[in-house]
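Numbered from 1 within each chain, the chains take letters A, B, ... in sequence-line order.
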Amino acid sequence: MIEMLNVYKKYPNGITAANGLSVRIEQGEFVYVVGPSGAGKSTFIKMIYREERASKGTIKVGDFDLITMRDKQVPYLRRHVGVVFQDYKLLPRLTVYENIAYAMEVVEKNPRMIKKRVLEVLDLVGLKHKVRMFPTELSGGEQQRISIARAIVNMPRVLIADEPTGNLDPDTSWEIMNILDEINRQGTTIVMATHNSQIVNVMKHRVLAVENGRIVRDELGGDYGYEG
Amino acid sequence: MKARTMKRHLLDSFKSMKRNGWMTLAAVSAVTVTLLLVGIFLTLLLNMNKLATDVEKDVRVNVYIEKVATEDQKKALKKVLEQMDEVDHVELKTRDEELDDLVGSYGSNFSMFQGDDNPLYDKYVVSAKEPTDTAKIAKEAEDLENVTDVSYGKLTVDKLFKTLNTVRNIGLVITIALLLLAMFLISNTIRITILSRSTEIEIMKLVGATNGFIRWPFLLEGAWIGMFGALIPIAILTGVYLPIYSKFNSALTTASFSLLSPSPFLYQIGGVMLAIGMIIGALGSILSMRRFLKN
């Protein structure tokens with residue numbers, strides 16, 4: 001599903017965020033990406049949905065070759081890769097319903113189908129009753145659930161989550177994890193960058209530890225492995 | 001693009017304007033003020049130009065006829081004058097009529113010249129098709145038979161044409177400058193509303209919207225802002241121009257000048273202002289988003 005081979009990323013300011021990354025993630029896997037701040041986790045994650053472009057190497061996501069791909073193709077990649085962020089990134093002027101529907105309008109689905117599917121994913125994240133509210137009227141956990149709903153509404157094969165529980169209290173974090181776990185069980189590949197050791201240690205999945213732009217540990221059912 | 005998607009963009013642009021409330025209002029007001037200025041200046045300039053043209057048209061050549069000329073000779077002269085390419089029409093003014101005019105303007109002292117004592121000549125008043133041909137007509141008329149003298153106020157007319165041309169050129173420069181200013185102001189206002197929404201654009205890209213898909217609602221929104229911004233100045237201009245026209249035009253018409261008639265003029269200037277508002281609004285919006293759409 002996701003394949004990286006000898007990937008290098010050097011920023012114009014001279015910082016090397018990927019220093020020969022190679023990894024293979026199969027369809028349906030759940031992968032944690034851990035590591036100290038500034039180790040290259042974010043860059044690793046961002047390269048998967050082409051927010052960052054690798055300087056050298058091979059990156060393949062599904063049928064997309066992210067190195068040779070032209071900028072014009074990026075939107076089409078993103079329709080297959082759902083992304084969830086620490087700060088939710090919901091459109092503030094759209095209601096819950098409209099935020100989720102937007103991702104489907106973009107692919108020009110017909111309105112009836114949009115309505116059906118949006119209510120379906122809202123049901124999945126348990127927020128069907130907040131459909132008319134605006135993001136600012138929701139709690140952090142609720143906003144994150146909406147952002148997950150938006151990320152999966154087009155049934156992507158990969159869901160990228162960049163510190164999805166970073167701004168949430170422990171209880172809410174577990175709610176979010178349960179939703180992600182459910183999505184994974186339905187067959188979606190999940191790649192999640194996190195600092196939350198408790199989650200990694202309790203909800204066991206494959207762990208990729210990134211340090212200095214390299215994968216230093218790749219362990220199925222591994223521990224978080226850092227302090228704190 | 002599917003018609004459904006276009007409809008979506010349309011609805012989206014209206015929704016966005018509504019939800020951006022204050023920002024929309026600010027942008028519309030800025031456009032309103034700018035276009036009001038443009039409208040007022042355009043109205044002034046175009047009317048000035050119209051009056052200038054009227055003044056030019058009012059310039060005529062007086063061809064004085066020798067007193068000894070017979071009626072037939074006079075008719076022949078008229079025919080020759082009328083057949084000149086540059087001549088629009090020729091009108092006879094007899095010495096008696098002229099004397100009456102003088103008495104009318106300068107008082108009854110002149111009535112002592114009544115009858116055979118009248119020292120004035122009969123004359124043909126010749127109007128040119130193009131005001132600038134006046135001098136040419138005068139020159140040709142001088143050489144015709146039975147013509148004793150030709151006058152068209154050479155110096156005054158030359159000076160008048162020169163002045164009017166200067167006025168027109170200055171007007172043109174001011175108009176162009178104002179239009180540029182309007183473009184700058186309107187596109188800048190819209191730019192600010194878009195800058196405040198850069199995160200929105202970023203999120204749209206993240207969920208896989210193509211640049212075209214993101215652009216359309218913004219383009220339409222810019223056009224609507226321009227349109228709404230044009231409506232108030234158009235209303236104000238109409239409200240002010242109509243009474244001014246009806247008050248001054250009758251006075252001017254007696255002097256054979258006239259303001260631009262409201263019927264085509266207000267529609268034309270309204271159309272121009274709508275077009276300026278909408279085109280600059282849409283363009284301003286597209287141009288300001290450009291850098292957010294780069295990958």
Worksheet entry | Under-4.0 Å salt bridge between A:E29 and A:R24 | no
Worksheet item: Considering only heavy atoms from C-beta outward, does the side chain of B:T43 approach that of B:I269 to under 4.5 Å?
Response: yes
Discussion item. Tell me which of these, A:E108, A:R79, A:E98, A:R93, has more heavy-atom pairs under 4.5 Å with chain B than the rest.
Written reply: A:R93
Worksheet item: Does any heavy atom of chain A fall under 4.5 Å from the side chain of B:L206, the backbone, both, or neither of them?
Response: both
Item to complete: Using non-hydrogen atoms and a 4.5 Å limit, figure out which bit of B:R4 sits close to chain A: side chain, backbone, both or neither.
Response: side chain
Worksheet entry | 4.5 Å side-chain heavy-atom contact, A:T68 and A:D65 | yes
Worksheet entry | Parallel, tilted or perpendicular: ring planes of B:H9 versus B:F213, cut at 30 and 60 degrees | perpendicular
Worksheet item: Given the options A:H80, A:E51, A:R53, A:R150, which has more heavy-atom pairs under 4.5 Å with chain B than any of the others?
Response: A:R150
Worksheet item: Taking atom CD of A:E52 and atom CD1 of A:I59, what is their separation to the nearest 0.5 Å?
Response: 10.5 Å
Worksheet entry | Proximity breakdown for A:L90 and chain B, heavy-atom pairs closer than 4.5 Å | backbone
Discussion item. If you take the centroid of each ring, where Trp contributes its six-membered ring, are B:F265 and B:Y245 closer together than 6.0 Å?
Written reply: no
Worksheet item: Pick from B:T210, B:T199, B:D12, B:I214: which one has the most heavy-atom pairs with chain A under 4.5 Å?
Response: B:T210
Item to complete: Could you tell me which portion of A:F134 (side chain, backbone, both or neither) has an atom closer than 4.5 angstrom to a non-hydrogen atom of chain B?
Response: side chain
Item to complete: Among A:A151, A:P111, A:P92, single out the residue with the greatest number of heavy-atom pairs under 4.5 Å to chain B.
Response: A:P111
Worksheet item: Under a 4.5 Å heavy-atom cutoff, which of B:K2, B:E200, B:R8, B:K15 has the most pairs with chain A?
Response: B:R8
Item to complete: Flag the pair B:E202 and B:K205 as a salt bridge only when some basic side-chain nitrogen lies within less than 4.0 angstrom of an acidic carboxylate oxygen.
Response: no
